[in-house]
S.K.: 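One structure, as structure tokens, below. Some questions next.
Heads up: numbering here begins at 1 and tracks the sequence.
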Amino acid sequence: MAQGPLVAISGVTRQLETMALHAFEMRHRVIAHNIANVDSEGFQPLRLNFEEQLEPLRSGAAEFGCGPDVSRL
């Protein structure tokens with residue numbers, strides 16, 4: 001089994017993909033919630049900040065030397 005930087009980058013890439021899919025799912029849920037409740041009295045729309053969602057992964061990616069590429073997402 002291969003060891004070294006490529007394995008670490010592969011793991012980071014897999015984590016990034018998983019986290020991005022989760023963030024998109026959350027975005028769709030927030031949009032659906034906001035649409036469903038738009039006519040409710042006193043409704044306050046929800047907001048989702050992707051930057052906050054991806055920050056933990058960005059920090060981890062920087063440890064493997066791929067932070068600049070990840071930080072542009």
S.K.: So, for Leu48 and Met26, which heavy atoms are closest and what is the spacing to 0.1 Å?
M.R.: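 The pair with the smallest heavy-atom distance is CD2-CB, 3.6 Å.
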
S.K.: If you measure from CZ on Arg14 to OG1 on Thr18, what distance do you get to the nearest 0.5 Å?
M.R.: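 Nearest 0.5 Å value for the CZ-OG1 distance: 8.0 Å.
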
S.K.: Counting only heavy atoms not in Phe43, do more than 12 sit closer than 6.0 Å to its CZ atom?
M.R.: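 Atom CZ in Phe43 is crowded, with more than 12 foreign heavy atoms closer than 6.0 Å.
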
S.K.: Is it the case that atom CD in Glu25 sees more than 12 heavy atoms from other parts of the structure closer than 6.0 Å?
M.R.: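 Yes, CD of Glu25 has more than 12 neighbouring heavy atoms, counting only those of other groups under 6.0 Å.
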
S.K.: Does Asn34 reach the main-chain N or O of Leu46 with its side chain, forming a donor-acceptor pair under 3.5 Å?
M.R.: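 Present.
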
S.K.: For the side-chain contact (heavy atoms from CB on, under 4.5 Å) test, which of Val30, Ile35, Asn37 pairs with His33?
M.R.: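 Exactly one option meets the side-chain contact (heavy atoms from CB on, under 4.5 Å) with His33, and it is Asn37.
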
